[in-house]
There are 2 protein chains.
Amino acid sequence: MTLLDPALQTLAHPEPFEGLGVRMVFARGEDIYTQDEKADLLYRVISGAVRTTRIMSDGRRQIGDFYFGDDMFGLECGQTHRFAAEALTTCEVLVFKPGAALPGHTGDTRIQAALWEATTQELERSREHLMLLGRHTALERVGVFLLSLSRRMGHGELAMGRQDMADYLGLTIETVSRMLSQLQAEGMVEFFGARRYRLLRPERLRAWADA
Amino acid sequence: MTLLDPALQTLAHPEPFEGLGVRMVFARGEDIYTQDEKADLLYRVISGAVRTTRIMSDGRRQIGDFYFGDDMFGLECGQTHRFAAEALTTCEVLVFKPGAALPGHTGDTRIQAALWEATTQELERSREHLMLLGRHTALERVGVFLLSLSRRMGHGELAMGRQDMADYLGLTIETVSRMLSQLQAEGMVEFFGARRYRLLRPERLRAWADA
DNA sequence: CGACACGTTGATTACGCTCAAAGATCGTGG
DNA sequence: CCACGATCTTTGAGCGTAATCAACGTGTCG
């Protein structure tokens with residue numbers, strides 16, 4: 001991990017976090033924080049992508065979420081991180097200490113509003129993720145994943161490999177691969193190589209995510 | 001649904017919500033709010049139990065969470081409720097309009113702190129729920145569910161039936177029943193009737209929930 | 001160009017679902 | 001208080017989806 005000279009930090013970031021913390025660079029695969037580590041810092045993705053993971057003693061792995069540009073992560077209810085955070089790609093992360101800036105204290109209301117917004121959005125995403133895992137077939141999980149990812153990114157490029165998709169969706173890498181092939185065969189999506197894709201029937205995928 | 005005369009409201013509730021809203025009583029099975037309803041109110045369980053559910057067009061149902069005494073619910077990121085809330089048992093609920101009391105505004109910091117606490121706790125529970133659905137077997141899901149419920153309630157009584165457990169755990173009612181039988185056969189839990197139980201090996205269940 | 005990680009496809013297995021029926025449990029009213 | 005009915009729960013038999021085990025492509029980078 002590399003610490004950038006604060007003096008070099010530009011002001012390219014949206015309020016209200018500029019200048020609040022330290023910018024750090026992580027290499028692909030590097031830990032940003034680990035499971036059971038003390039949780040007293042907050043993080044914001046500047047560039048690149050991050051995943052949070054939890055590994056069970058027998059090796060089963062669950063990905064909690066993926067984070068991209070401007071997403072905040074690292075928020076915990078308790079004292080320690082229940083998931084680890086790892087750099088999915090090389091990434092730049094803004095790290096800062098929330099301290100008394102958390103809601104419920106008398107602090108900068110702009111920061112509190114941003115934290116509140118980020119937290120409720122994360123809760124919302126967590127609930128959608130839950131829906132996907134609880135009552136959807138393998139084909140639906142993979143299709144809805146591609147849809148939500150393309151909506152979030154604005155383009156069709158997977159930042160993660162098949163194993164990460166599988167561990168996010170509660171499937172095996174083989175099943176993910178098969179479902180991607182089936183989605184292609186059914187004309188739902190077109191792939192260019194393993195990671196670039198274009199959705200051909202987003203409205204049908206939206207129906208899968210639905211009510 | 002019944003509206004209690006505010007004059008009759010006692011002050012039996014913890015700060016900071018007392019006197020803030022209206023107390024309402026819902027009968028078992030009654031909707032507190034529905035899917036796609038406008039989300040501008042917050043709720044707090046006074047007594048009884050509540051479930052949030054989402055139903056897909058083909059009838060598949062997912063339970064988002066269960067809420068018991070003093071739990072807050074109804075918080076949404078967007079403008080509408082993505083899940084419905086229903087009374088699991090007859091229950092009393094405190095309903096109030098958060099308005100400018102949300103973090104990020106200049107309002108009562110005690111209320112903001114309580115909202116923040118409730119929200120991060122809900123996020124935490126949502127993540128645990130996610131883990132359960134993603135990478136756990138049917139037996140593990142049912143066992144860990146009994147454990148977490150007993151930790152939350154302080155006693156071993158199920159407020160919900162098998163169908164609700166199934167829809168929370170992403171299983172069928174038959175599988176839930178079979179796993180309960182198996183847990184009993186393995187001496188993990190003892191049942192008195194269909195709803196009262198006692199955990200005999202909580203430490204083993206804790207290991208199932210684990211890292 | 002070669003080596004290695006990553007991804008796809010095939011064959012077989014197993015876990016949980018579906019369909020079906022019997023057994024508990026609970027509320028209600030005689 | 002007991003009998004009845006409705007609802008909920010348990011158990012059984014067979015099936016289907018996704019997991020596992022295995023081999024073959026493909027893409028990427030020194």
Side-chain angles (χ1 to χ4, degrees), chain A residues 27-29 51 56 58-63 88-90 132-146 157-186 189-197 208, chain B residues 27-29 49 51 56 58-63 88-90 132-146 156-186 189-197 208:
Chain A
R28 184 166 175 274
R51 67 172 173 243
M56 295 168 63
D58 60 1
R60 284 177 286 182
R61 189 177 79 143
Q62 177 68 50
I63 289 189
L88 190 58
T89 62
T90 300
L132 217 50
L133 296 181
R135 288 295 184 201
H136 287 265
T137 64
L139 191 66
E140 289 170 339
R141 293 186 205 191
V142 173
V144 173
F145 178 76
L146 290 181
E157 179 134 24
L158 297 169
M160 72 292 295
R162 297 293 185 265
Q163 188 65 61
D164 284 331
M165 293 175 61
D167 289 340
Y168 180 85
L169 296 173
L171 301 170
T172 60
I173 163 178
E174 294 97 329
T175 298
V176 168
S177 183
R178 272 185 254 272
M179 297 303 116
L180 287 171
S181 298
Q182 190 176 336
L183 286 171
Q184 275 193 98
E186 292 180 7
V189 61
E190 189 181 5
F191 262 84
F192 315 95
R195 294 199 171 195
R196 280 171 36 74
Y197 67 95
W208 286 0
Chain B
R28 183 165 176 272
R51 68 173 171 241
M56 296 169 62
D58 60 1
R60 284 177 288 182
R61 189 176 80 143
Q62 177 68 50
I63 289 188
L88 189 57
T89 64
T90 300
L132 217 50
L133 296 181
R135 288 294 185 202
H136 286 266
T137 65
L139 191 66
E140 289 169 338
R141 293 186 205 190
V142 173
V144 173
F145 179 75
L146 290 182
E157 178 134 26
L158 297 170
M160 71 293 295
R162 298 293 184 267
Q163 188 64 62
D164 285 331
M165 292 175 61
D167 289 340
Y168 180 85
L169 296 173
L171 301 170
T172 60
I173 167 178
E174 294 96 331
T175 298
V176 169
S177 182
R178 271 185 255 272
M179 298 304 116
L180 287 171
S181 298
Q182 190 176 336
L183 286 171
Q184 275 191 94
E186 292 180 7
V189 61
E190 187 181 7
F191 262 84
F192 315 95
R195 295 198 170 195
R196 278 170 40 73
Y197 66 96
W208 285 0

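Any value given below was found using the heavy atoms of this structure, including those in side chains, with hydrogens, waters and symmetry copies removed. Everything numeric in this text was worked out from a predicted model, so none of it was measured.
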Point to revise | Proximal nucleotide (of D:dT10, D:dA19, D:dG12) relative to the B:Ser181 side chain | key: D:dT10

Point to revise | Euclidean distance, A:His136 NE2 relative to B:Leu133 CG, rounded to 0.5 Å | key: 11.5 Å

Check your understanding: Earliest and latest nucleotide of DNA chain C, 5' to 3', sitting under 4.0 Å from a non-hydrogen atom of chain B?
Key -> C:dG16 to C:dT25

Would you list the atom pairs, donor with acceptor, under 3.5 Å between side chains in residues 176-186 of chain B and any protein atom, with sequence neighbours excluded?
from     : atom 1 : to       : atom 2 : distance (Å)
B:Ser181 : OG     : B:Ser177 : O      : 3.1
B:Gln182 : NE2    : B:Glu186 : OE2    : 3.1

Check your understanding: Around atom CZ of B:Arg28, are there more than 12 heavy atoms of other residues, nucleotides or ligands at under 6.0 Å?
Key -> no

Review point. Does the side chain of A:Trp208 come within less than 4.5 Å of A:Leu139's, by heavy atoms?
Key: yes

Practice item. Round to the nearest Å and state the distance from A:Arg178 atom CZ to D:dA23 atom C1'. Key: 12 Å

Check your understanding: Are the side chains of B:Leu171 and B:Met165 in touch, meaning some heavy atoms are under 4.5 Å apart?
Key -> no

Point to revise | A:Arg135 side chain vs B:Arg60 backbone, donor-acceptor pair below 3.5 Å | key: no

Exercise for review: Supply the atom-to-atom distance A:Arg195 CZ to A:Glu157 CD, rounded to the nearest 0.5 angstrom.
Suggested key: 8.5 Å

Exercise for review: Rounded off to whole Å, could you give me the CG-to-P distance for the A:Asp167 and D:dA19 pair?
Suggested key: 11 Å

Review point. Any sub-3.5 Å donor-acceptor pair from B:Arg162's side-chain atoms to B:Ala194's backbone N or O?
Key: yes

Check your understanding: Looking only at heavy atoms, what is the nearest atom pair of A:Ala138 and A:Thr175, with distance?
Key -> CB-CG2, 3.7 Å

Revision key, fill the gap. So, with a heavy-atom separation below 4.0 Å from DNA chain D, the residues of residues 133-145 of chain B are none

Exercise for review: If a protein heavy atom is under 4.0 Å from the base, mark B; if only from the sugar-phosphate, S; if neither, -; do that for nucleotides 1-9 of chain D going 5' to 3'.
Suggested key: --------S

Practice item. State, to 0.1 Å, how close A:Leu88 and A:Arg51 come at their nearest heavy-atom pair, and which atoms those are. Key: CD1-NH1, 3.3 Å

Exercise for review: Keeping the roles fixed (side chain from B:Glu190, backbone from B:Tyr197), state whether a donor-acceptor pair exists under 3.5 Å.
Suggested key: no

Check your understanding: What is the distance, rounded to the nearest whole Å, between atom CG of A:Asp58 and atom P of D:dT20?
Key -> 11 Å

Revision key, fill the gap. Comparing nearest nucleotides in DNA chain D, the 5'-proximal residue of the pair A:Gly193, A:Thr175 is A:Thr175

Point to revise | Listed partners of A:Glu174 passing salt bridge (Lys or Arg N to Asp or Glu O under 4.0 Å), at least two apart | key: none

**Study point:** Rounded distance in Å - CE (A:Met179) to P (D:dA19)
**Key:** 9 Å

Check your understanding: Picking from A:Val142, A:Ile63, A:Asp164, what satisfies side chain to side chain contact (heavy atoms under 4.5 Å, CB included) with A:Leu169?
Key -> A:Val142

Revision key, fill the gap. Bend of the helix from C:dC1-D:dG30 to C:dG30-D:dC1 from end-axis comparison, five pairs per end, nearest 10°, comes to 40°

